[in-house]
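Nothing fancy with the numbering, it's 1 onward along the sequence. Because only heavy atoms are used, hydrogens play no part in the values below, and waters and symmetry mates are left out as well, while side chains stay in.
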Amino acid sequence: RNMFRDNGDFDAHSGDGMFAETDGVLSASNITASGNAENGAVLDNTAVGFTGLRPSLTLAGVNDVSGNAFDGLFFASYGTVSLSNVSADRNGSDGVEGTTELGITLSCGSLLQNGAYGLNVTTPEVVVLRGVAAFANAGGEDLHIDAPPVSEAINQLVPVARAKVSMRIPPGQDTNAAMEALKAHL
């Protein structure tokens, strides 16, 4: 069955702040889930296992899942995942962690100062990030994207590979030094 949740505060719980589980479409918006003893929010529409259907998972509006002991947001889906305006900062583990069989889009996200990764996702499909800030996370990588999962990857050399990388340079930082740092990192 489908599940829709709008405007919820799930703060300071002794377990997960928000826990939503279904086998249908899952849509939530304007969620606050902070200061919880486990995950801020768990969104799972894989409840009955794979049935051949691929229902979507959407988190819209303005969402704050910061300051939780484990992940800020954990999701699991067989369908497309669309997350927007997610602040997942200062969590004990990942800011956002999840897995899906289809693509992931994260628009306008703040994934800062988490105990592990800012974003930790696994999918065999495309991951699109728009307006996402992820830095100062303790996992050694701010973004951990396993697409396709390493366990399913094949050893193949492709003739051409492309990626688009953008970098926001704060006022006062030397642009040439920033570009050299980015080149060295890549």
Side-chain angles (χ1 to χ4, degrees), residues 1-11 13 15-34 36 38-89 91-112 114 116-134 137 139 142-152:
R1 81 179 199 263
N2 298 332
M3 181 181 292
F4 304 93
R5 178 73 168 122
D6 190 24
N7 298 320
D9 290 325
F10 305 92
D11 296 334
H13 289 241
D16 295 324
M18 175 187 185
F19 187 89
E21 182 179 63
T22 183
D23 59 355
V25 171
L26 200 160
S27 179
S29 63
N30 302 313
I31 301 300
T32 300
S34 298
N36 294 292
E38 293 183 13
N39 298 297
V42 175
L43 305 178
D44 183 351
N45 65 351
T46 64
V48 296
F50 185 64
T51 61
L53 301 176
R54 297 191 183 276
S56 63
L57 188 153
T58 303
L59 183 59
V62 177
N63 305 282
D64 184 8
V65 290
S66 298
N68 298 290
F70 297 161
D71 294 336
L73 169 65
F74 176 84
F75 67 85
S77 181
Y78 293 119
T80 57
V81 174
S82 177
L83 309 172
S84 63
N85 296 311
V86 177
S87 293
D89 304 327
N91 293 292
S93 189
D94 298 321
V96 174
E97 178 183 3
T99 182
T100 182
E101 296 297 315
L102 295 179
I104 301 168
T105 300
L106 173 57
S107 301
C108 299
S110 172
L111 313 171
L112 312 176
N114 293 290
Y117 302 109
L119 177 68
N120 182 6
V121 293
T122 301
T123 178
E125 298 292 331
V126 173
V127 176
V128 176
L129 304 176
R130 293 186 185 104
V132 175
N137 294 288
D142 293 311
L143 303 174
H144 183 255
I145 300 172
D146 204 358
V150 172
S151 62
E152 298 172 18

Run the side-chain contact (heavy atoms from CB on, under 4.5 Å) check on D94 and N114 step by step: do they pass? CA-CA 6 Å; D94 298 321; N114 293 290; 6.0 Å; no
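- One distance of note links CG of L102 with OG1 of T123; it measures 7.0 Å at 0.5 Å rounding.
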Could you go through the side-chain contact (heavy atoms from CB on, under 4.5 Å) check for N91 and N68 one step at a time? CA-CA 5 Å; N91 293 292; N68 298 290; 3.2 Å; yes
L106 vs L111, test: side-chain contact (heavy atoms from CB on, under 4.5 Å). Steps then yes/no. CA-CA 11 Å; L106 173 57; L111 313 171; 4.0 Å; yes
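- Under a 3.5 Å cut-off, the side chain of N45 and the backbone N or O of G24 do form a donor-acceptor pair.
- In terms of the ring-ring contact (aromatic ring centres under 6.0 Å, His included) criterion, residue partners of Y117 (sequence neighbours excluded) are, by chain and number, H144.
- The environment of CZ in R130 is sparse: at most 12 heavy-atom neighbours from other residues, nucleotides or ligands sit within 6.0 Å.
- What you find for S34 and D64 is that their closest heavy atoms are OG-O, 3.7 Å.
- The minimum heavy-atom distance linking A88 with G95 is given by the pair CB-O, 3.3 Å.
- For the side chain to side chain contact (heavy atoms under 4.5 Å, CB included) test, residues two or more places apart in sequence or in another chain that qualify with F10 are R5, H13, M18, I31, A33.
- Between F75 atom CZ and L83 atom CG the span is 5.5 Å, to the nearest 0.5 Å.
- Considering CG of D16 and CZ of F70, their distance stands at 8.5 Å, rounded to 0.5 Å.
- Listed by first and then second residue, the side-chain hydrogen bond (donor to acceptor under 3.5 Å, both in side chains) pairs that reach into residues 99-112 are D89-S110, sequence neighbours excluded.
- Minimum interatomic distance between L26 and A20 (heavy atoms only, all atoms of both residues): CD1-O, 3.6 Å.
- Annotation: side chain to side chain donor-acceptor pair (under 3.5 Å) contacts of T58 (sequence neighbours excluded): none.
- For the pair L73/L59, a side-chain contact is recorded, criterion being any heavy-atom separation below 4.5 Å from C-beta on.
- Residues passing the ring-ring contact (aromatic ring centres under 6.0 Å, His included) test with Y78 are F50, sequence neighbours excluded.
- Between V81 and L43, the closest side-chain pair of non-hydrogen atoms is not below 4.5 Å.
- Residue pairs that meet the side-chain hydrogen bond (donor to acceptor under 3.5 Å, both in side chains) test with at least one member in residues 20-29, sequence neighbours left out, are D6-S29.
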Kindly indicate, with the supporting measurements, whether the criterion side-chain contact (heavy atoms from CB on, under 4.5 Å) is fulfilled by I145 and L129. CA-CA 11 Å; I145 300 172; L129 304 176; 4.1 Å; yes
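- Residues S84 and A60 come closest through the heavy atom pair OG-CA, 3.4 Å.
- Taking all atoms of both residues into account, the shortest heavy-atom contact from N30 to N63 is N-OD1, 3.1 Å.
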